[in-house]
2 protein chains.
Amino acid sequence: MASDTYTRILDTAQALIVTRGYNAFSYADISAVVGVGKATIHHHFPGKADLAVAVIARYRQATEDGMGAMAAHEPRADKRLAGYVGFWEQCIRDNNAPFCIAALLAAELPSLPPEVAEQVKAHFDELIARLTGFIDEGLKKGELTSAEDAERSARILVATVHGAMLAARVAGGDAELYASITEPALRRLTG
Amino acid sequence: MASDTYTRILDTAQALIVTRGYNAFSYADISAVVGVGKATIHHHFPGKADLAVAVIARYRQATEDGMGAMAAHEPRADKRLAGYVGFWEQCIRDNNAPFCIAALLAAELPSLPPEVAEQVKAHFDELIARLTGFIDEGLKKGELTSAEDAERSARILVATVHGAMLAARVAGGDAELYASITEPALRRLTG
DNA sequence: GGATATCTACCGACTAGTTGGTCGGTCGTC
DNA sequence: GACGACCGACCAACTAGTCGGTAGATATCC
């Protein structure tokens, strides 16, 4: 039973990590935003690494849920991939979570506590596995075309999406730029 | 005339930023590596932002020099692009500077001092401009083929390279993985 | 040529503020 | 009366940055 404060700490931590990364956010920052003492944060999450792990674990779950829902409700592989790519375009446009936490933390990976790094790696594995599944299915059903095998296509797509996020961030949160980079990558699969 | 200490501080700062990012390295770290007092670092670089700006400025110059040398000595556009993509593959393989500083700092952009952020943006602009020039020339000479215009192709290539760096870092510095992602992106242009 | 002034590189010791984290304790609820 | 949520006060370690000062090279003046 996640309490309200618990969830708000998690939300705030997630937002802070998305904009600043792991090393540049502090308990004091969260304390100020949530309006609760620093000790309270330690009560829910003993250490900073615990907090970060909880954030990514929840993020992984949300991703899995989203992917699962897509697998259940959207039969066409091309539309599934468009859904994944388009999801981030919308995030950048709305500026609510304009970056993939795991991608950001991946950049900082060598300076991350081991538990946190493991979560990041796990997210990448899951994401690649999901998309590989979608692409594999799409290739077999003829909804997608690719010169490469499914896994490699998935890795290329994810890399392009992450690189496009970076480009959009440098351009001040330019969702159009993100779209103009990812659209050809998507079209290369959907034909 | 850049003194020895000055250069070593710069080198160390660059190495630290590449592995940890801007927010997770300190004057004390550099002090310990270079073997000079913290005050000495402040003597050469008054503030942390000054140091970071100097690092990226030098990095930008090195990039421009490298790109210029390629433009001068390598006439074929396809080989120029392969040179750019292959450069990073070698960096990852040698593990000397296994990540583009500007790409790493781009992720941290919202938490960067404005002067540093500006340098990062400037690097991206220069890099895109250079590659756009290469691709534009290559398209006209028939050495390259692309469904998109030169600038867009350049942005796609850069995004793929940066995303592939991220993937390689997550995979523990896997240069093969980097190559397997970037190679198709390159082949899409070189035909 | 010798005394003097200036400059650069460098350092130890310090500061104010922040970091993640601990402690003992209070409050309300079950 | 036990328990979870919460808090203020505290801590040692670290942060970027400052200060006054030293050693050595170089330039200036007589």
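Worth saying up front: this structure is predicted, and the values here are computed from it rather than measured. The figures here come from the full heavy-atom set of this structure, side chains too, leaving out hydrogens, waters and symmetry mates.
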Using a heavy-atom cut-off of 4.0 Å across all strands, would you classify A:Phe45 as base, sugar-phosphate, or nothing? nothing
Candidate nucleotides D:dG4, C:dG21, C:dC10, ranked by approach to the side chain of A:Lys48 - the nearest: C:dG21
Of all the choices, C:dC10, D:dC7, D:dT15, which nucleotide is nearest to the side chain of A:Thr40 once you look at every atom? D:dC7
Is it true that the NZ or CZ of A:Lys48 lies under 6.0 Å from the centre of A:Tyr22's six-membered ring and within 45 degrees of the ring axis? yes
Below 4.0 Å: OP1/OP2 of C:dA9 and any side-chain N or O of B:Thr5: no
Respond yes when some side-chain nitrogen or oxygen of B:His43 is under 4.0 Å from OP1 or OP2 of C:dC10, and no when none is. no
When you measure from the side chain of A:Ala39, which nucleotide among C:dC23, D:dA5, D:dC10 comes out closest? C:dC23
Would you mind telling me which of C:dT8, D:dT15, C:dG21 lies closest to the side-chain atoms of B:Ala28? D:dT15
Of the nucleotides C:dC10, D:dC6, D:dG17, which has the atom closest to the B:His42 side chain? D:dG17
I want to check something: taking the side chain as every heavy atom from C-beta on, are A:Arg155 and B:Leu177 in contact at a cut-off of under 4.5 Å? yes
If you only use heavy atoms from C-beta on, which nucleotide in C:dG21, D:dA16, D:dC6 is closest to the side chain of B:Lys38? D:dA16
In whole Å, what is the span from the CG atom of A:Asn23 to the P atom of D:dT15? 11 Å
Considering only side-chain heavy atoms of B:Val36, which listed nucleotide, D:dA16, C:dG21, C:dC11, is closest? C:dC11
Roughly how many Å is it from OH in B:Tyr27 to P in C:dA13, rounded to a whole number? 21 Å
Does the side chain to side chain donor-acceptor pair (under 3.5 Å) test come out yes or no for A:Ser26 and A:Asp29, once each step is laid out? CA-CA 5 Å; A:Ser26 74; A:Asp29 294 329; 3.2 Å; yes
Please state how far atom CD1 in B:Ile41 lies from atom P in C:dC10, giving the value in whole angstrom units. 11 Å
Heavy-atom distance under 4.5 Å between the side chains of B:Leu157 and B:Thr182, does that happen here? no
Within the pair B:His44 and C:dT8, is there a side-chain N or O less than 4.0 Å away from OP1 or OP2? no
Flag the pair A:Arg58 and A:Asp65 as a salt bridge only when some basic side-chain nitrogen lies within less than 4.0 angstrom of an acidic carboxylate oxygen. no
